Amino acid sequence: MKLLDKLYKQHDIAWFTPVELFKPWYAHGIAEAIMRTADLSIPLKIYEIGGGSGTCAKCIMDYIMLNAPPRVYNNMIYTSVEISSSLAEKQLETVGEVQSHFSRFKVECRDATDKNGWGHVNSHPCWVIMLEVLDNLPHDLVFSPNQSSPWMEVWLEQNHDSLQISEVYKPIQDPLISKCSKIIGMDEDQAVKRSSLVAAAKQIWSKAFPKPRRSWMPTGCLQLLEVLHWALPKMSLIASDFSYLPDITVSGDRAPLVSTKKSGRTKDHSNYLDAKGDADIFFPTDFWLLEKIDHYCSGWSNEHRESRSSKAVKKRRTITLDTAAFMEEFGLPTKTRTKSGYNPLLDDFKNTKFYLSVPTHHTS
């Protein structure tokens with residue numbers, strides 16, 4: 001805890017990622033999961049979305065170099081898709097510390113959600129890694145004035161006479177919001193409410209005692225997974241993120257933690273409009289919803305609805321694991337254990353999870 005306190009005071013950021021705090025062991029666990037599951041008879045291709053300083057890439061390549069058959073390391077390609085040009089340079093510097101890695105690593109400085117950046121469909125098996133990416137992706141806010149009224153998009157408008165920004169509510173037209181509501185089942189909820197006497201009673205009650213509803217929709221996640229499933233249809237996915245966040249005061253389902261940090265002190269905001277441009281925004285990941293989005297983007301959900309067959313086979317095999325369970329299975333927990341037996345990686349990251357998703361035809 002003293003070490004962490006010192007690190008946070010030296011660096012004016014709100015959060016150090018586990019892959020940085022527990023290097024190299026955190027990334028080694030991910031590398032082991034890939035090696036156990038991948039078909040190593042074909043060249044190993046890994047994509048990392050939002051690779052930060054390059055620590056994960058370097059540590060994974062270190063592990064494969066030391067533990068996999070030489071041909072696996074010699075033929076592997078590790079591609080970082082990084083939107084930040086400064087981080088892209090930092091990644092090249094970090095990975096380049098091991099000279100042999102350099103010819104097997106490349107950075108593509110672009111937006112992973114832009115279809116054009118991927119060029120064409122790559123049907124070769126590959127791995128995609130996303131660590132603490134989902135919590136920073138854009139979300140759309142929807143609103144309903146009571147328990148029975150339809151959901152509406154939330155828009156922001158600036159008043160002409162002042163700098164004040166206020167919310168405006170409009171009927172849902174954004175295609176990503178429409179898809180998200182379909183995946184979550186919001187449309188089905190509305191249909192049920194319109195089709196029963198009980199619903200009619202609830203509607204009267206909701207108008208007499210209205211309870212406004214707000215929901216943050218993971219539209220950025222949907223957009224990214226749609227593009228990844230299109231560009232890399234045979235990808236296997238490893239994602240890690242927060243499953244919940246403490247002390248959230250912003251209202252709504254899946255609401256974010258909005259905080260600013262100055263001089264080593266963190267201030268949480270109760271309204272996302274309070275912090276303009278200088279705040280860290282973390283969204284908790286609903287892993288149940290992530291799985292539904294993953295299946296939807298793979299095409300299985302639509303085919304299942306159209307065929308209405310109970311025998312329809314899912315295109316993905318998925319599992320969600322607590323970080324402790326993932327690291328006990330694939331990592332080396334003894335390396336992050338203190339002399340007293342306390343293990344910060346296993347004991348202090350109970351609000352983070354791993355999501356693994358592989359094609360059903362994938363052999364393990």
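All values reported here derive from a predicted model rather than from experimental measurement. Numbering of residues begins at 1 and proceeds along the displayed sequence.
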Please check if the side chain of D286 supplies one atom and the backbone of L289 the other of a donor-acceptor pair under 3.5 Å.
-> yes

S181 side chain to S178 main-chain N or O, any donor-acceptor pair under 3.5 Å?
-> yes

Could you grab the distance from atom CZ of F287 to atom CG of D241, nearest 0.5 Å is fine?
-> 6.0 Å

Determine, stepwise, if the pair I34 / I129 fulfils side-chain contact (heavy atoms from CB on, under 4.5 Å).
-> CA-CA 10 Å; I34 291 174; I129 299 171; 4.0 Å; yes

Would V168 and V154 count as a side-chain contact (heavy atoms from CB on, under 4.5 Å) if you check the C-alpha gap in whole Å, the side-chain angles of each, and the deciding distance to 0.1 Å?
-> CA-CA 6 Å; V168 178; V154 177; over 6 Å; no

Return the set of residues passing salt bridge (Lys or Arg N to Asp or Glu O under 4.0 Å) with E108 (not counting sequence neighbours), or none when no residue passes.
-> K106, R110

Name every donor-acceptor pair, under 3.5 Å, that has one atom in a side chain of residues 46-54 and the other anywhere in the protein, sequence neighbours excluded.
{"residue": "E48", "atom": "OE1", "partner": "Y78", "partner atom": "OH", "Å": "2.7"}
{"residue": "S53", "atom": "OG", "partner": "E20", "partner atom": "OE2", "Å": "2.5"}
{"residue": "S53", "atom": "OG", "partner": "T55", "partner atom": "OG1", "Å": "3.1"}

For R316 and S357, work out which heavy atoms get closest and say how close.
-> NE-OG, 2.9 Å

For the residue pair L92 and F102, what are the closest heavy atoms and their distance?
-> O-CE1, 3.7 Å

Evaluate whether atom CD of Q158 has more than 12 neighbouring non-hydrogen atoms of other residues, nucleotides or ligands under 6.0 angstrom away.
-> yes

Counting N and O atoms only, with roles assigned by atom type, does the side chain of R317 sit under 3.5 Å from a partner on the main chain of L356, one being a donor and the other an acceptor?
-> no

Qualifying residue for ring-ring contact (aromatic ring centres under 6.0 Å, His included) with H139, from W216, F283, Y272 | F283

Under 4.5 Å between side-chain heavy atoms, hopping through other hydrophobics if needed: is there a path connecting I83 to I281?
-> no

Looking only at heavy atoms, which two atoms of S149 and S144 are closest? And how far apart?
-> O-OG, 2.8 Å

Between the side chains of S80 and Q91, is a donor N or O closer than 3.5 angstrom to an acceptor N or O?
-> yes

Contacts of F143 that satisfy ring-ring contact (aromatic ring centres under 6.0 Å, His included) - sequence neighbours left out = Y169

Partner residues of H229 under the ring-ring contact (aromatic ring centres under 6.0 Å, His included) criterion, sequence neighbours left out | none

Rounded to the nearest 0.5 angstrom, the CG-OG1 distance for L237 and T318 is 10.5 Å

Donor-acceptor pairs are to be reported for all side-chain atoms of residues 243-250 against protein atoms at under 3.5 Å, with residues two or more places apart or in another chain.
{"residue": "S243", "atom": "OG", "partner": "N351", "partner atom": "O", "Å": "3.2"}
{"residue": "T249", "atom": "OG1", "partner": "H269", "partner atom": "O", "Å": "3.1"}

Atom pair SG/CG of C180 and L222 - distance to nearest 0.5 Å = 5.0 Å

How long is the gap from CE on M327 to CG on N343, to the nearest 0.5 Å?
-> 10.5 Å

S148 backbone acceptor or donor facing N146 side chain under 3.5 Å = yes

Residue of the set T320, T285, D294 for which side-chain hydrogen bond (donor to acceptor under 3.5 Å, both in side chains) holds with Y355 = D294

OH (Y342) with more than 12 external heavy atoms under 6.0 Å | yes

Does any pair with a residue in residues 324-350 pass salt bridge (Lys or Arg N to Asp or Glu O under 4.0 Å), and if so which ones, sequence neighbours excluded?
-> R36-E329

Cation-pi check, K115 to W230: give yes when NZ or CZ is under 6.0 Å from the six-membered ring centre and within 45° of the ring axis, no otherwise.
-> yes

Can you see which heavy atom on R254 is nearest to which on P218, and at what distance?
-> NE-CD, 4.1 Å

Answer with yes or no whether the side chains of W155 and E153 bring together a donor and an acceptor at under 3.5 Å.
-> yes

Drop me the distance from L156's CG to L141's CG, to the nearest 0.5 angstrom.
-> 8.5 Å

With sequence neighbours excluded, give me every salt bridge (Lys or Arg N to Asp or Glu O under 4.0 Å) pair touching residues 164-174.
-> E167-R214

Same apolar cluster (I L V M F W Y, side chains within < 4.5 Å links), L87/V128 | no

Hydrophobic cluster membership, V98 vs M76, 4.5 Å side-chain cutoff | yes

Decide yes or no for W127 and L44: does some side-chain heavy atom of the first lie under 4.5 Å from some side-chain heavy atom of the second?
-> yes

Hey, what do you get for CG (D39) to OG (S236), rounding to the nearest 0.5 Å?
-> 10.5 Å

Heavy-atom closest contact (L134 atom, C221 atom, distance) | CD2-SG, 3.9 Å

Using a 4.5 Å cut-off on heavy atoms from C-beta on, say whether the side chain of I30 contacts that of F354.
-> yes

Can you check whether S166's main-chain N or O pairs, donor with acceptor, with N159's side chain at less than 3.5 Å?
-> no

Is it true that the side chains of S259 and D280 contain a donor and an acceptor less than 3.5 Å apart?
-> no

Please determine, by modelled atom types, if Y26 and S240 share a side-chain donor-acceptor pair under 3.5 angstrom.
-> yes

Side-chain donor-acceptor contacts of residues 59-70 below 3.5 Å, not counting sequence neighbours, with atom names and distances?
{"residue": "D62", "atom": "OD1", "partner": "H101", "partner atom": "NE2", "Å": "2.6"}
{"residue": "D62", "atom": "OD2", "partner": "K58", "partner atom": "NZ", "Å": "2.8"}
{"residue": "Y63", "atom": "OH", "partner": "E32", "partner atom": "OE1", "Å": "2.6"}
{"residue": "N67", "atom": "ND2", "partner": "Y63", "partner atom": "O", "Å": "2.9"}

Can you list the residues that meet the salt bridge (Lys or Arg N to Asp or Glu O under 4.0 Å) rule with E226, with sequence neighbours excluded?
-> K179

Quick one: do M130 and W288 end up in the same hydrophobic cluster if we chain Ile, Leu, Val, Met, Phe, Trp and Tyr together by side-chain heavy atoms under 4.5 Å apart?
-> yes

Of all heavy-atom pairs between N271 and L273, which one has the smallest distance, and what is that distance?
-> OD1-N, 2.9 Å

Quick one: salt bridge (Lys or Arg N to Asp or Glu O under 4.0 Å) partners of K353, sequence neighbours excluded?
-> none

For the pair R213 and V142, evaluate side-chain contact (heavy atoms from CB on, under 4.5 Å) and give the outcome as yes or no after the intermediate values.
-> CA-CA 8 Å; R213 299 177 296 162; V142 294; over 6 Å; no

From CA spacing to verdict: side-chain contact (heavy atoms from CB on, under 4.5 Å), K45, T79 | CA-CA 8 Å; K45 293 186 177 181; T79 303; over 6 Å; no

Taking only residues at least two apart or on different chains, which pairs with a member in residues 80-104 satisfy salt bridge (Lys or Arg N to Asp or Glu O under 4.0 Å)?
-> K90-E93

Apart from L332 itself, what residues make up its hydrophobic cluster when side-chain heavy atoms of I, L, V, M, F, W and Y under 4.5 Å apart count as a link, directly or indirectly?
-> W25

